There are 2 protein chains.
Amino acid sequence: MLIQTRPDPSPAAHERVYRGLRTRIMHGEIAPGESLTLRGIGREFGVSMTPARESIRRLVAEGALTLSASGRVSTPEITNDRIEELAALRSLLEVELASRALPRAHIALIDRLQSINGGITEMVERHDAVGYIRSNLEFHRALYLRAQAPAMLAMAETVWLQLGPTMRKLYGRLRRSEPPHYHRLIIAALKAGDEPGLRLAVRMDVTQGLRLLTT
Amino acid sequence: MLIQTRPDPSPAAHERVYRGLRTRIMHGEIAPGESLTLRGIGREFGVSMTPARESIRRLVAEGALTLSASGRVSTPEITNDRIEELAALRSLLEVELASRALPRAHIALIDRLQSINGGITEMVERHDAVGYIRSNLEFHRALYLRAQAPAMLAMAETVWLQLGPTMRKLYGRLRRSEPPHYHRLIIAALKAGDEPGLRLAVRMDVTQGLRLLTT
DNA sequence: GACCGGGAAATGTGATCACAAATCTGTTCC
DNA sequence: GGAACAGATTTGTGATCACATTTCCCGGTC
(Lines give C-alpha, C1' and ligand atoms only; values in the text may rest on other atoms or scores of the structure.)
Protein backbone atom coordinates (compact mmCIF):
# COMPACT_ATOMS: atom_id res chain seq x y z
CA MET A 1 0.00 0.00 0.00
CA LEU A 2 1.66 3.16 -1.17
CA ILE A 3 -0.83 5.64 0.12
CA GLN A 4 -0.20 6.47 3.72
CA THR A 5 -3.37 7.02 5.65
CA ARG A 6 -3.69 10.72 6.21
CA PRO A 7 -7.24 11.22 7.47
CA ASP A 8 -7.31 14.97 7.20
CA PRO A 9 -4.03 16.57 6.28
CA SER A 10 -5.42 19.97 5.37
CA PRO A 11 -9.18 20.33 5.36
CA ALA A 12 -10.47 22.14 2.32
CA ALA A 13 -10.71 25.89 2.69
CA HIS A 14 -14.49 25.91 2.48
CA GLU A 15 -14.62 23.30 5.23
CA ARG A 16 -12.45 25.42 7.52
CA VAL A 17 -14.59 28.47 6.91
CA TYR A 18 -17.76 26.44 7.43
CA ARG A 19 -16.62 25.01 10.74
CA GLY A 20 -15.41 28.35 11.96
CA LEU A 21 -18.67 30.10 11.24
CA ARG A 22 -20.76 27.18 12.43
CA THR A 23 -19.34 26.99 15.92
CA ARG A 24 -19.52 30.73 16.27
CA ILE A 25 -23.18 30.71 15.36
CA MET A 26 -24.05 27.69 17.48
CA HIS A 27 -22.35 29.17 20.51
CA GLY A 28 -24.25 32.39 20.10
CA GLU A 29 -21.23 34.52 19.30
CA ILE A 30 -23.07 36.28 16.50
CA ALA A 31 -26.03 38.49 17.35
CA PRO A 32 -29.39 37.93 15.63
CA GLY A 33 -29.72 40.16 12.60
CA GLU A 34 -26.00 40.64 12.18
CA SER A 35 -25.00 40.62 8.55
CA LEU A 36 -22.00 39.12 6.84
CA THR A 37 -20.31 39.72 3.52
CA LEU A 38 -18.52 37.20 1.35
CA ARG A 39 -15.47 39.35 0.94
CA GLY A 40 -15.41 40.03 4.65
CA ILE A 41 -15.51 36.35 5.49
CA GLY A 42 -12.87 35.64 2.89
CA ARG A 43 -10.59 38.30 4.32
CA GLU A 44 -11.12 36.99 7.83
CA PHE A 45 -10.21 33.41 6.95
CA GLY A 46 -7.57 34.34 4.41
CA VAL A 47 -9.35 32.83 1.43
CA SER A 48 -11.08 34.12 -1.67
CA MET A 49 -14.80 34.57 -2.10
CA THR A 50 -15.33 31.11 -3.54
CA PRO A 51 -14.88 29.03 -0.39
CA ALA A 52 -16.69 31.71 1.60
CA ARG A 53 -19.69 31.42 -0.68
CA GLU A 54 -19.80 27.66 -0.42
CA SER A 55 -19.73 27.67 3.36
CA ILE A 56 -22.47 30.29 3.38
CA ARG A 57 -24.65 28.14 1.14
CA ARG A 58 -24.22 25.25 3.49
CA LEU A 59 -25.10 27.27 6.55
CA VAL A 60 -28.13 28.76 4.83
CA ALA A 61 -29.27 25.27 3.88
CA GLU A 62 -29.02 24.28 7.54
CA GLY A 63 -31.07 27.26 8.62
CA ALA A 64 -28.20 28.86 10.49
CA LEU A 65 -28.24 31.90 8.23
CA THR A 66 -30.86 33.56 6.10
CA LEU A 67 -30.27 35.41 2.92
CA SER A 68 -32.34 38.34 1.81
CA ALA A 69 -33.88 38.74 -1.62
CA SER A 70 -30.81 40.64 -2.75
CA GLY A 71 -28.52 37.88 -1.60
CA ARG A 72 -27.28 39.50 1.58
CA VAL A 73 -26.64 37.01 4.34
CA SER A 74 -27.36 37.55 7.99
CA THR A 75 -28.20 35.60 11.11
CA PRO A 76 -31.98 35.17 11.29
CA GLU A 77 -34.13 37.43 13.43
CA ILE A 78 -36.11 34.94 15.39
CA THR A 79 -39.78 35.35 16.16
CA ASN A 80 -41.65 33.84 19.05
CA ASP A 81 -43.50 31.44 16.77
CA ARG A 82 -40.23 30.18 15.45
CA ILE A 83 -38.80 29.72 18.90
CA GLU A 84 -41.83 27.74 19.97
CA GLU A 85 -41.46 25.54 16.93
CA LEU A 86 -37.78 24.97 17.43
CA ALA A 87 -38.34 24.18 21.09
CA ALA A 88 -40.96 21.62 20.11
CA LEU A 89 -38.50 20.11 17.65
CA ARG A 90 -35.80 19.90 20.29
CA SER A 91 -38.29 18.19 22.56
CA LEU A 92 -39.38 15.66 19.95
CA LEU A 93 -35.92 14.78 18.74
CA GLU A 94 -34.00 14.87 21.98
CA VAL A 95 -36.52 12.89 24.00
CA GLU A 96 -36.28 10.17 21.37
CA LEU A 97 -32.49 10.33 21.32
CA ALA A 98 -32.27 10.12 25.08
CA SER A 99 -34.66 7.22 25.12
CA ARG A 100 -32.55 5.36 22.58
CA ALA A 101 -29.39 6.11 24.52
CA LEU A 102 -30.79 4.82 27.80
CA PRO A 103 -30.24 1.07 27.29
CA ARG A 104 -26.68 1.79 26.14
CA ALA A 105 -25.76 4.14 28.98
CA HIS A 106 -22.84 2.63 30.88
CA ILE A 107 -21.22 4.02 33.99
CA ALA A 108 -18.49 5.68 31.92
CA LEU A 109 -21.08 7.82 30.18
CA ILE A 110 -22.67 8.86 33.45
CA ASP A 111 -19.27 9.84 34.82
CA ARG A 112 -18.63 11.88 31.71
CA LEU A 113 -21.97 13.64 32.02
CA GLN A 114 -21.33 14.47 35.64
CA SER A 115 -17.95 15.87 34.75
CA ILE A 116 -19.41 18.05 32.00
CA ASN A 117 -22.06 19.17 34.41
CA GLY A 118 -19.37 20.37 36.78
CA GLY A 119 -17.95 22.42 33.95
CA ILE A 120 -21.33 24.00 33.35
CA THR A 121 -21.64 25.09 36.97
CA GLU A 122 -18.21 26.64 36.68
CA MET A 123 -19.24 28.57 33.56
CA VAL A 124 -22.32 29.87 35.32
CA GLU A 125 -20.22 31.12 38.20
CA ARG A 126 -17.83 32.76 35.77
CA HIS A 127 -20.71 34.36 33.88
CA ASP A 128 -19.21 32.95 30.71
CA ALA A 129 -22.18 32.84 28.35
CA VAL A 130 -20.40 31.24 25.41
CA GLY A 131 -18.74 28.68 27.65
CA TYR A 132 -22.07 27.88 29.24
CA ILE A 133 -23.74 27.27 25.90
CA ARG A 134 -20.85 25.19 24.66
CA SER A 135 -20.77 23.00 27.76
CA ASN A 136 -24.50 22.58 27.77
CA LEU A 137 -24.52 21.36 24.19
CA GLU A 138 -21.58 19.10 24.98
CA PHE A 139 -23.65 17.49 27.72
CA HIS A 140 -26.52 16.76 25.38
CA ARG A 141 -24.31 15.57 22.56
CA ALA A 142 -22.42 13.19 24.83
CA LEU A 143 -25.69 11.58 25.83
CA TYR A 144 -27.18 11.41 22.34
CA LEU A 145 -24.05 9.95 20.79
CA ARG A 146 -24.92 6.76 22.64
CA ALA A 147 -28.20 6.55 20.78
CA GLN A 148 -26.32 5.36 17.67
CA ALA A 149 -28.64 7.44 15.53
CA PRO A 150 -26.48 9.75 13.41
CA ALA A 151 -29.23 11.15 11.21
CA MET A 152 -31.33 12.01 14.22
CA LEU A 153 -28.40 13.59 16.01
CA ALA A 154 -27.59 15.64 12.94
CA MET A 155 -31.13 16.97 12.91
CA ALA A 156 -30.93 17.88 16.57
CA GLU A 157 -27.70 19.75 15.94
CA THR A 158 -29.34 21.62 13.10
CA VAL A 159 -31.97 22.81 15.53
CA TRP A 160 -29.27 23.93 17.96
CA LEU A 161 -27.68 25.83 15.12
CA GLN A 162 -30.92 27.62 14.36
CA LEU A 163 -31.35 28.54 17.98
CA GLY A 164 -27.75 29.66 18.36
CA PRO A 165 -28.16 33.39 17.85
CA THR A 166 -30.89 33.56 20.50
CA MET A 167 -29.06 31.43 23.04
CA ARG A 168 -27.01 34.39 24.08
CA LYS A 169 -30.05 36.49 24.68
CA LEU A 170 -31.60 33.62 26.58
CA TYR A 171 -28.63 33.34 28.87
CA GLY A 172 -29.00 36.94 29.93
CA ARG A 173 -32.44 36.22 31.33
CA LEU A 174 -31.42 33.16 33.29
CA ARG A 175 -30.91 33.44 36.99
CA ARG A 176 -27.28 34.14 37.58
CA SER A 177 -26.37 31.13 39.66
CA GLU A 178 -28.90 28.73 38.19
CA PRO A 179 -27.48 25.23 38.46
CA PRO A 180 -28.25 22.74 35.72
CA HIS A 181 -31.17 21.36 37.67
CA TYR A 182 -32.71 19.13 35.03
CA HIS A 183 -29.31 17.76 34.12
CA ARG A 184 -29.22 16.18 37.55
CA LEU A 185 -32.62 14.66 36.94
CA ILE A 186 -31.41 13.29 33.62
CA ILE A 187 -28.43 11.66 35.27
CA ALA A 188 -30.58 10.23 38.05
CA ALA A 189 -33.02 8.75 35.53
CA LEU A 190 -30.12 7.24 33.57
CA LYS A 191 -28.76 5.61 36.72
CA ALA A 192 -32.18 4.23 37.64
CA GLY A 193 -32.96 3.06 34.12
CA ASP A 194 -36.17 5.05 34.43
CA GLU A 195 -37.31 5.74 30.88
CA PRO A 196 -40.44 7.80 31.58
CA GLY A 197 -38.46 9.88 34.06
CA LEU A 198 -35.70 10.40 31.52
CA ARG A 199 -38.12 11.51 28.84
CA LEU A 200 -39.72 13.98 31.17
CA ALA A 201 -36.42 15.35 32.43
CA VAL A 202 -35.10 15.89 28.90
CA ARG A 203 -38.30 17.55 27.81
CA MET A 204 -38.19 19.92 30.75
CA ASP A 205 -34.51 20.71 30.32
CA VAL A 206 -34.94 21.44 26.65
CA THR A 207 -38.02 23.63 26.92
CA GLN A 208 -37.30 25.32 30.22
CA GLY A 209 -35.00 28.03 28.99
CA LEU A 210 -36.77 28.64 25.75
CA ARG A 211 -40.03 29.24 27.50
CA LEU A 212 -38.49 32.36 29.01
CA LEU A 213 -38.00 33.91 25.62
CA THR A 214 -41.51 33.45 24.37
CA THR A 215 -43.26 35.07 27.33
CA MET B 1 -43.22 53.68 -6.55
CA LEU B 2 -40.74 53.12 -9.33
CA ILE B 3 -39.88 49.53 -8.63
CA GLN B 4 -42.41 47.20 -10.12
CA THR B 5 -43.00 44.14 -8.01
CA ARG B 6 -41.30 41.30 -9.77
CA PRO B 7 -41.22 38.52 -7.23
CA ASP B 8 -38.97 36.21 -9.17
CA PRO B 9 -38.04 37.50 -12.59
CA SER B 10 -35.19 35.06 -13.23
CA PRO B 11 -34.18 32.85 -10.35
CA ALA B 12 -30.45 32.69 -9.87
CA ALA B 13 -28.72 29.95 -11.79
CA HIS B 14 -27.71 28.07 -8.68
CA GLU B 15 -31.32 28.14 -7.52
CA ARG B 16 -32.55 26.64 -10.77
CA VAL B 17 -29.97 23.89 -10.61
CA TYR B 18 -30.77 23.24 -6.96
CA ARG B 19 -34.49 22.91 -7.56
CA GLY B 20 -34.00 20.73 -10.57
CA LEU B 21 -31.77 18.28 -8.78
CA ARG B 22 -33.81 18.37 -5.61
CA THR B 23 -37.08 17.32 -7.15
CA ARG B 24 -35.36 14.63 -9.14
CA ILE B 25 -33.81 13.21 -5.99
CA MET B 26 -36.95 13.49 -3.90
CA HIS B 27 -39.03 11.76 -6.53
CA GLY B 28 -36.57 8.91 -6.72
CA GLU B 29 -35.45 9.60 -10.26
CA ILE B 30 -31.83 9.05 -9.34
CA ALA B 31 -30.72 5.61 -8.25
CA PRO B 32 -28.85 5.14 -4.96
CA GLY B 33 -25.12 5.21 -5.50
CA GLU B 34 -25.37 7.10 -8.77
CA SER B 35 -22.62 9.68 -9.06
CA LEU B 36 -22.66 13.18 -10.46
CA THR B 37 -19.99 15.53 -11.72
CA LEU B 38 -19.91 19.28 -11.48
CA ARG B 39 -19.12 19.71 -15.14
CA GLY B 40 -21.84 17.27 -16.07
CA ILE B 41 -24.45 19.13 -14.05
CA GLY B 42 -23.26 22.42 -15.47
CA ARG B 43 -23.54 21.12 -19.01
CA GLU B 44 -27.01 19.74 -18.34
CA PHE B 45 -28.35 23.01 -16.96
CA GLY B 46 -26.38 25.23 -19.29
CA VAL B 47 -24.31 26.90 -16.58
CA SER B 48 -20.71 26.87 -15.47
CA MET B 49 -19.30 24.85 -12.60
CA THR B 50 -19.82 27.60 -10.06
CA PRO B 51 -23.62 27.41 -9.68
CA ALA B 52 -23.43 23.64 -9.97
CA ARG B 53 -21.04 23.52 -7.06
CA GLU B 54 -23.22 25.74 -4.90
CA SER B 55 -26.32 23.66 -5.47
CA ILE B 56 -24.36 20.52 -4.68
CA ARG B 57 -23.16 22.01 -1.40
CA ARG B 58 -26.72 22.77 -0.47
CA LEU B 59 -27.97 19.32 -1.29
CA VAL B 60 -25.10 17.71 0.60
CA ALA B 61 -25.92 19.87 3.60
CA GLU B 62 -29.49 18.60 3.45
CA GLY B 63 -28.35 15.01 3.32
CA ALA B 64 -29.68 14.46 -0.18
CA LEU B 65 -26.22 13.73 -1.52
CA THR B 66 -23.02 12.46 0.00
CA LEU B 67 -19.55 13.36 -1.05
CA SER B 68 -16.63 10.98 -0.84
CA ALA B 69 -13.28 11.83 0.67
CA SER B 70 -12.01 12.90 -2.72
CA GLY B 71 -14.96 15.21 -3.23
CA ARG B 72 -16.98 13.06 -5.60
CA VAL B 73 -20.68 13.45 -5.13
CA SER B 74 -23.24 10.70 -5.34
CA THR B 75 -26.63 9.78 -4.00
CA PRO B 76 -26.17 7.96 -0.69
CA GLU B 77 -26.25 4.19 -0.51
CA ILE B 78 -28.73 3.64 2.23
CA THR B 79 -28.31 1.01 4.91
CA ASN B 80 -31.07 -0.63 6.86
CA ASP B 81 -30.09 1.19 10.04
CA ARG B 82 -30.37 4.47 8.23
CA ILE B 83 -33.77 3.60 6.85
CA GLU B 84 -35.02 2.65 10.27
CA GLU B 85 -33.77 5.95 11.62
CA LEU B 86 -35.30 8.01 8.85
CA ALA B 87 -38.60 6.19 9.23
CA ALA B 88 -38.57 6.98 12.95
CA LEU B 89 -37.89 10.62 12.10
CA ARG B 90 -40.75 10.70 9.65
CA SER B 91 -42.97 9.23 12.31
CA LEU B 92 -41.94 11.72 14.98
CA LEU B 93 -42.18 14.78 12.79
CA GLU B 94 -45.21 13.95 10.73
CA VAL B 95 -47.35 12.75 13.60
CA GLU B 96 -46.69 16.07 15.29
CA LEU B 97 -47.39 18.03 12.11
CA ALA B 98 -50.65 16.18 11.50
CA SER B 99 -51.69 16.74 15.07
CA ARG B 100 -51.05 20.47 14.72
CA ALA B 101 -52.94 20.58 11.45
CA LEU B 102 -56.00 18.84 12.85
CA PRO B 103 -57.70 21.82 14.55
CA ARG B 104 -57.16 23.87 11.39
CA ALA B 105 -58.44 21.27 8.94
CA HIS B 106 -61.44 22.71 7.10
CA ILE B 107 -63.60 20.96 4.57
CA ALA B 108 -61.63 22.48 1.69
CA LEU B 109 -58.50 20.73 2.88
CA ILE B 110 -60.27 17.39 3.15
CA ASP B 111 -61.62 17.78 -0.37
CA ARG B 112 -58.14 18.55 -1.59
CA LEU B 113 -56.72 15.49 0.15
CA GLN B 114 -59.39 13.27 -1.35
CA SER B 115 -58.64 14.66 -4.77
CA ILE B 116 -54.92 14.02 -4.40
CA ASN B 117 -55.73 10.56 -3.18
CA GLY B 118 -57.62 9.89 -6.38
CA GLY B 119 -54.53 10.92 -8.29
CA ILE B 120 -52.46 8.46 -6.30
CA THR B 121 -54.77 5.58 -7.16
CA GLU B 122 -54.47 6.55 -10.79
CA MET B 123 -50.67 6.52 -10.59
CA VAL B 124 -50.75 3.08 -9.02
CA GLU B 125 -52.92 1.76 -11.85
CA ARG B 126 -50.59 3.31 -14.38
CA HIS B 127 -47.54 1.82 -12.63
CA ASP B 128 -46.04 5.30 -12.65
CA ALA B 129 -43.51 5.12 -9.81
CA VAL B 130 -42.33 8.72 -9.98
CA GLY B 131 -45.89 9.99 -10.24
CA TYR B 132 -46.88 7.85 -7.29
CA ILE B 133 -44.11 9.21 -5.11
CA ARG B 134 -44.83 12.78 -6.17
CA SER B 135 -48.55 12.51 -5.44
CA ASN B 136 -47.94 10.79 -2.15
CA LEU B 137 -45.66 13.57 -0.96
CA GLU B 138 -48.15 16.12 -2.21
CA PHE B 139 -50.79 14.52 -0.01
CA HIS B 140 -48.64 14.79 3.07
CA ARG B 141 -47.43 18.28 2.31
CA ALA B 142 -50.97 19.55 1.77
CA LEU B 143 -51.93 18.30 5.21
CA TYR B 144 -48.83 19.56 7.00
CA LEU B 145 -49.03 23.00 5.46
CA ARG B 146 -52.04 23.57 7.67
CA ALA B 147 -49.91 23.02 10.76
CA GLN B 148 -48.39 26.49 10.30
CA ALA B 149 -45.01 25.14 11.35
CA PRO B 150 -42.53 25.98 8.61
CA ALA B 151 -39.38 24.85 10.39
CA MET B 152 -40.93 21.50 11.22
CA LEU B 153 -42.21 21.05 7.68
CA ALA B 154 -38.78 21.88 6.31
CA MET B 155 -37.29 19.15 8.47
CA ALA B 156 -39.86 16.64 7.29
CA GLU B 157 -39.05 17.51 3.69
CA THR B 158 -35.38 17.03 4.41
CA VAL B 159 -36.16 13.51 5.56
CA TRP B 160 -38.15 12.87 2.38
CA LEU B 161 -35.18 14.09 0.42
CA GLN B 162 -32.88 11.65 2.19
CA LEU B 163 -35.27 8.80 1.54
CA GLY B 164 -35.82 9.78 -2.09
CA PRO B 165 -33.32 7.46 -3.76
CA THR B 166 -34.80 4.45 -1.97
CA MET B 167 -38.41 5.36 -2.65
CA ARG B 168 -38.14 3.95 -6.12
CA LYS B 169 -36.85 0.65 -4.88
CA LEU B 170 -39.58 0.62 -2.30
CA TYR B 171 -42.26 1.10 -4.90
CA GLY B 172 -41.12 -1.98 -6.74
CA ARG B 173 -41.90 -4.13 -3.72
CA LEU B 174 -45.36 -2.73 -3.16
CA ARG B 175 -48.35 -4.74 -4.24
CA ARG B 176 -49.28 -3.61 -7.67
CA SER B 177 -52.75 -2.32 -7.03
CA GLU B 178 -52.24 -1.31 -3.43
CA PRO B 179 -54.66 1.52 -2.67
CA PRO B 180 -53.55 4.26 -0.27
CA HIS B 181 -55.24 2.51 2.61
CA TYR B 182 -53.91 4.62 5.48
CA HIS B 183 -54.63 7.80 3.58
CA ARG B 184 -58.31 6.94 3.89
CA LEU B 185 -57.87 6.47 7.62
CA ILE B 186 -56.13 9.83 7.85
CA ILE B 187 -59.01 11.54 6.07
CA ALA B 188 -61.56 9.76 8.24
CA ALA B 189 -59.77 10.84 11.41
CA LEU B 190 -59.61 14.43 10.14
CA LYS B 191 -63.34 14.42 9.49
CA ALA B 192 -64.08 12.99 12.92
CA GLY B 193 -61.65 15.28 14.70
CA ASP B 194 -60.14 12.14 16.20
CA GLU B 195 -56.62 13.08 17.26
CA PRO B 196 -55.40 9.70 18.58
CA GLY B 197 -56.77 8.05 15.46
CA LEU B 198 -55.01 10.59 13.25
CA ARG B 199 -51.69 10.10 15.00
CA LEU B 200 -51.95 6.35 14.61
CA ALA B 201 -52.98 6.54 10.96
CA VAL B 202 -50.09 8.86 10.09
CA ARG B 203 -47.60 6.70 11.95
CA MET B 204 -48.79 3.61 10.13
CA ASP B 205 -48.81 5.29 6.74
CA VAL B 206 -45.33 6.62 7.19
CA THR B 207 -43.72 3.44 8.47
CA GLN B 208 -45.71 0.91 6.48
CA GLY B 209 -43.74 1.09 3.26
CA LEU B 210 -40.37 1.57 4.84
CA ARG B 211 -40.80 -1.53 6.91
CA LEU B 212 -40.74 -3.54 3.71
CA LEU B 213 -37.24 -2.39 2.91
CA THR B 214 -35.68 -3.29 6.21
CA THR B 215 -36.87 -6.88 6.32
C1' DG C 1 -5.89 -15.36 -16.65
C1' DA C 2 -5.12 -12.10 -12.97
C1' DC C 3 -2.59 -8.48 -11.14
C1' DC C 4 0.07 -4.50 -11.48
C1' DG C 5 1.79 -0.02 -13.35
C1' DG C 6 2.00 4.20 -15.96
C1' DG C 7 0.13 7.74 -18.66
C1' DA C 8 -3.97 10.17 -20.28
C1' DA C 9 -8.35 11.99 -19.24
C1' DA C 10 -11.50 13.71 -15.97
C1' DT C 11 -12.61 15.96 -11.71
C1' DG C 12 -12.82 19.06 -7.51
C1' DT C 13 -10.74 23.26 -5.64
C1' DG C 14 -9.82 27.89 -5.23
C1' DA C 15 -8.41 32.45 -7.24
C1' DT C 16 -9.48 36.18 -10.25
C1' DC C 17 -12.26 38.97 -13.08
C1' DA C 18 -16.26 41.47 -15.24
C1' DC C 19 -20.79 42.83 -14.53
C1' DA C 20 -25.21 44.15 -12.62
C1' DA C 21 -27.70 45.27 -8.70
C1' DA C 22 -27.98 47.04 -4.25
C1' DT C 23 -26.36 50.11 -0.73
C1' DC C 24 -24.25 54.09 0.99
C1' DT C 25 -23.01 59.03 0.99
C1' DG C 26 -22.94 63.69 0.32
C1' DT C 27 -25.30 67.33 -1.80
C1' DT C 28 -29.22 69.89 -3.15
C1' DC C 29 -33.84 71.50 -3.02
C1' DC C 30 -38.31 72.40 -0.75
C1' DG D 1 -34.43 70.52 9.24
C1' DG D 2 -35.64 66.69 6.38
C1' DA D 3 -36.58 64.33 2.08
C1' DA D 4 -34.92 63.25 -2.58
C1' DC D 5 -31.62 62.58 -6.00
C1' DA D 6 -27.12 61.27 -8.31
C1' DG D 7 -22.71 59.43 -8.17
C1' DA D 8 -19.41 56.36 -5.81
C1' DT D 9 -18.73 52.27 -3.37
C1' DT D 10 -19.83 47.80 -1.92
C1' DT D 11 -21.65 43.36 -2.76
C1' DG D 12 -23.40 38.91 -4.85
C1' DT D 13 -23.21 36.24 -9.16
C1' DG D 14 -21.31 33.51 -12.53
C1' DA D 15 -17.62 32.44 -15.94
C1' DT D 16 -12.98 31.13 -16.72
C1' DC D 17 -8.57 29.42 -15.64
C1' DA D 18 -4.53 26.91 -13.47
C1' DC D 19 -3.35 23.26 -10.57
C1' DA D 20 -3.23 19.05 -7.83
C1' DT D 21 -5.43 14.85 -7.23
C1' DT D 22 -8.08 11.14 -8.48
C1' DT D 23 -9.91 7.93 -11.68
C1' DC D 24 -9.81 5.30 -15.73
C1' DC D 25 -7.89 2.49 -19.26
C1' DC D 26 -4.62 -0.03 -21.70
C1' DG D 27 -0.57 -2.62 -22.06
C1' DG D 28 2.83 -5.55 -19.90
C1' DT D 29 4.42 -8.99 -16.55
C1' DC D 30 4.32 -13.05 -13.64
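Residue numbering restarts at 1 for every chain, and letters A, B, ... go by the order of the sequence lines. This structure is a prediction, so every number in the text was calculated from the model and none was measured.
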Colleague: Between C/dT13, C/dA15, D/dT16, which nucleotide has the shortest distance from any of its atoms to the side chain of B/Arg57?
Modeller: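 Ranking C/dT13, C/dA15, D/dT16 by closest atom to the B/Arg57 side chain puts C/dT13 first.
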
Colleague: Can you tell me the distance, in whole Å, between the CD1 atom of B/Ile56 and the P atom of C/dT13?
Modeller: 10 Å

Colleague: Rounded off to whole Å, could you give me the CZ-to-P distance for the B/Arg72 and D/dT22 pair?
Modeller: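 Going from B/Arg72 (CZ) to D/dT22 (P), I get 9 Å.
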
Colleague: Answer with yes or no whether B/Thr50 presents, from its side chain, a donor or acceptor under 3.5 Å of a partner atom in the base of D/dA15.
Modeller: yes

Colleague: Want to settle it: does B/Val73 or A/Ser70 sit nearer the 5' end of DNA chain C, counting the closest nucleotide to each?
Modeller: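 This one resolves to B/Val73.
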
Colleague: What is the distance from CD of B/Glu54 to P of D/dG14, rounded to the nearest Å?
Modeller: 7 Å

Colleague: Expressed in angstrom and rounded to an integer, what is the separation of A/Met49 atom CE from D/dT16 atom P?
Modeller: 17 Å

Colleague: List the atom of A/Ser135, the atom of A/Met123, and the distance in Å for their closest heavy-atom pair.
Modeller: OG-CG, 3.8 Å

Colleague: Roughly, in whole Å, what's the span from CZ in A/Arg39 to C1' in C/dC17?
Modeller: 10 Å

Colleague: Answer with base, sugar-phosphate or nothing: what part of the nucleic acid does B/Leu36 contact at a heavy-atom distance below 4.0 Å?
Modeller: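 Contact class for B/Leu36: sugar-phosphate only.
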
Colleague: Has B/Glu54 got a side-chain atom pairing as donor or acceptor with A/Arg53's backbone, closer than 3.5 angstrom?
Modeller: no

Colleague: Given B/Glu94, which partner from the list B/Asp205, B/Leu153, B/Leu89, B/Val206 fulfils the side-chain contact (heavy atoms from CB on, under 4.5 Å) test?
Modeller: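 Checked B/Asp205, B/Leu153, B/Leu89, B/Val206 against B/Glu94; only one passes side-chain contact (heavy atoms from CB on, under 4.5 Å): B/Val206.
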
Colleague: Run through A/Ile78, A/Thr79, A/Ile83 and flag the one making a side-chain contact (heavy atoms from CB on, under 4.5 Å) with A/Asp81.
Modeller: A/Thr79

Colleague: Are B/Arg16 and D/dT13 close enough that a side-chain N or O sits under 4.0 Å from OP1 or OP2?
Modeller: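 The answer is no; no side-chain N or O of B/Arg16 sits under 4.0 Å from OP1 or OP2.
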
Colleague: What's the CZ-P distance between A/Phe45 and C/dG14, to the nearest Å?
Modeller: 14 Å

Colleague: Check this for me: does the side-chain of B/Arg53 come within 3.5 Å of the base of C/dG12 through a donor and an acceptor?
Modeller: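 Per atom types, no contact qualifies.
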
Colleague: Find the distance A/Leu38:CG to C/dC17:C1' and express it as a whole number of Å.
Modeller: 15 Å

Colleague: Starting at the 5' end of DNA chain C and moving along, which residue's nearest nucleotide shows up first, B/Arg43 or A/His14?
Modeller: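 Comparing both residues, the 5'-ward one is B/Arg43.
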
Colleague: Nearest whole Å is fine: how far is D/dG12 P from A/Ile41 CD1?
Modeller: 8 Å

Colleague: Parallel under 30°, tilted from 30 to 60°, perpendicular over 60°: which one fits the rings of B/Tyr144 and B/Trp160?
Modeller: tilted

